[in-house]
Amino acid sequence: MKPLRRRLLWLTSCLVLGSMACFPQVQNAGATTPAFREFTIIHSELSDSPAPISAGRTVIEAQRADGSRVSGEVILKGDEIVPPTLRNITLVPERMKVRVDDALKAKTTLYMHGPAPSHPAALDSMCGISHLSPGAKPAYIDPEEVLGYATIGIQTEMQDPDQSFLTKVWRAPDLDCAVLRMNEIRRNPAGETMGEFRSEAVKITVGPPAPELFAIPTDYAEKSPSQMHQAYLQQVRDPGRQIPESMRKGLELEDQRYFASHKQPH
């Protein structure tokens with residue numbers, strides 16, 4: 001499958017699932033230490049739904065000493081890692097989140113407001129479970145060891161009239177509570193499984209991540225999330241493709257946040 005079509009399929013399946021779990025969040029939930037850890041994690045991910053849509057990918061996640069983070073799909077060729085051409089970047093000192101697409105030579109910038117943190121947010125020793133909404137029904141689950149790292153297991157359950165999400169994550173305190181394993185199931189009101197997302201860390205490297213992962217080309221076109229998606233469709237010569245309702249709503253929400261952030265001073 002061609003890279004652009006594979007990425008389009010992945011984006012569609014994520015929004016059909018109705019969860020942003022498919023896009024590992026570039027901002028960490030927090031940390032239990034007074035300084036940002038530096039690390040690079042390679043994850044194996046799989047997303048399934050009865051559409052039928054099924055897609056797998058390998059993702060890199062990295063954090064710098066200033067708290068900046070990046071994630072994106074990579075290709076593994078033996079021990080060699082082909083860098084991501086589509087990546088989500090959070091630059092903490094600059095107070096901005098950017099989705100960069102090298103294939104489209106485009107980017108989407110979301111500005112953050114308020115002062116940059118000098119260290120990770122102070123969380124409880126159990127990776128932030130006390131900060132979760134009671135409505136999410138947070139609960140501890142059995143801890144598991146992943147690649148030699150002890151983790152804390154946390155389960156949440158969210159429900160609305162159309163669907164529910166049962167999410168289990170295992171976070172590593174020694175890596176600023178980064179998620180090393182995750183499983184999320186989406187069900188309809190009848191309790192039938194409509195989609196599942198799984199993620200597992202397969203390699204962890206401690207130390208400064210590669211600087212090029214955080215590079216944002218200055219000559220790339222700035223686009224809103226919906227404009228970026230339309231550019232994908234143009235690139236795969238499918239501009240008339242019908243967008244699923246859940247995906248359309250997701251893009252509308254992303255556009256609202258995008259334009260609101262650009263209206264404020266930065």
Side-chain angles (χ1 to χ4, degrees), residues 7 20-43 45 57-74 81-123 127-128 131 147 149 169 171-180 182 199 201-225 228 254 257-258 260-262 264-266:
R7 286 186 296 164
M20 291 305 293
C22 299
F23 300 97
Q25 299 302 297
V26 291
Q27 62 193 99
N28 201 9
T32 57
T33 57
F36 288 104
R37 307 291 178 89
E38 291 189 304
F39 56 79
T40 302
I41 304 174
I42 303 296
H43 297 267
E45 299 184 352
R57 67 175 189 170
T58 301
V59 168
I60 191 169
E61 176 188 9
Q63 177 171 286
R64 296 193 315 204
D66 64 3
S68 296
R69 296 174 67 86
V70 63
S71 66
E73 182 179 358
V74 297
I81 299 175
V82 178
T85 59
L86 177 65
R87 55 198 183 278
N88 295 315
I89 305 170
T90 294
L91 298 177
V92 172
E94 292 84 355
R95 310 303 290 143
M96 55 195 290
K97 299 179 184 179
V98 188
R99 180 171 293 183
V100 176
D101 192 318
D102 294 324
L104 295 175
K105 295 188 180 302
K107 57 186 174 69
T108 295
T109 305
L110 188 70
Y111 294 100
M112 298 180 287
H113 302 282
S118 58
H119 56 79
L123 293 182
C127 283
H131 291 235
L147 297 180
Y149 285 86
V169 298
R171 295 181 175 274
D174 288 342
L175 296 172
D176 285 356
C177 290
V179 175
L180 300 188
M182 178 179 183
S199 175
V202 296
K203 183 178 181 180
I204 300 172
T205 303
V206 176
E212 58 268 22
L213 291 173
F214 296 85
I216 302 174
T218 57
D219 60 340
Y220 281 14
E222 177 68 26
K223 297 180 181 293
S224 72
M228 186 79 87
E254 286 195 42
R257 289 192 289 265
Y258 172 84
S261 82
H262 281 249
Q264 300 182 47
H266 51 266

Residues which pass side-chain hydrogen bond (donor to acceptor under 3.5 Å, both in side chains) with Y258, listed by chain and number, not counting sequence neighbours: E222

In terms of heavy-atom contacts, V92 and S68 come closest through N-OG, 3.1 Å

Shortest non-hydrogen separation from R95 to H113 and the atoms involved: NH2-O, 3.9 Å

Over all atoms of both residues, closest heavy-atom pair of V74 and P84: CG1-CD, 3.6 Å

Value for CD (E94) from CG (D66), rounded to nearest 0.5 Å, stands at 7.5 Å

Using modelled atom types only, decide if a donor and an acceptor are shared between the side chain of E61 and the backbone of I41 within a distance under 3.5 Å. no

What are the two closest heavy atoms between R64 and P209, and how far apart are they? CG-CG, 3.8 Å

Ignoring hydrogens and angles, tell me if any N or O in the side chain of T108 forms a donor-acceptor pair with the backbone of K223 under 3.5 Å. yes

Is a side-chain donor or acceptor of Q63 paired with a backbone partner of R37 at a separation under 3.5 angstrom? yes

Point-to-point distance, once rounded to the nearest 0.5 Å, from CG of L86 to CG of N88: 6.5 Å

Could you verify whether a donor N or O on one side chain and an acceptor N or O on the other, from D101 and Y220, lie under 3.5 Å apart? no

About how many Å separate CZ of R87 and CD1 of I60, when rounded to the nearest 0.5 Å? 11.0 Å

To the nearest 0.5 Å, how far apart are OG1 in T40 and CG in L213? 7.0 Å

Is the side chain of T109 donor-acceptor paired with the backbone N or O of V98 at a distance under 3.5 Å, no angle test? no

Where do A65 and E38 come nearest, in terms of heavy atoms and distance? N-OE2, 3.1 Å

Go through the structure and list residues passing side-chain contact (heavy atoms from CB on, under 4.5 Å) with L147, not counting sequence neighbours. A201, I204

Run the side chain to side chain contact (heavy atoms under 4.5 Å, CB included) test on D176 and R171 for me, step by step, so that the C-alpha distance in whole Å, both residues' side-chain angles and the decisive distance to 0.1 Å come before the verdict. CA-CA 8 Å; D176 285 356; R171 295 181 175 274; over 6 Å; no

Shortest non-hydrogen contact between L110 and R257, atoms and distance: CD1-O, 3.4 Å

Quick check for you: to the nearest 0.5 Å, what is the distance between F214 atom CZ and R69 atom CZ? 8.5 Å

Between CZ of R99 and OG1 of T90, what distance do you get to the nearest 0.5 Å? 11.0 Å

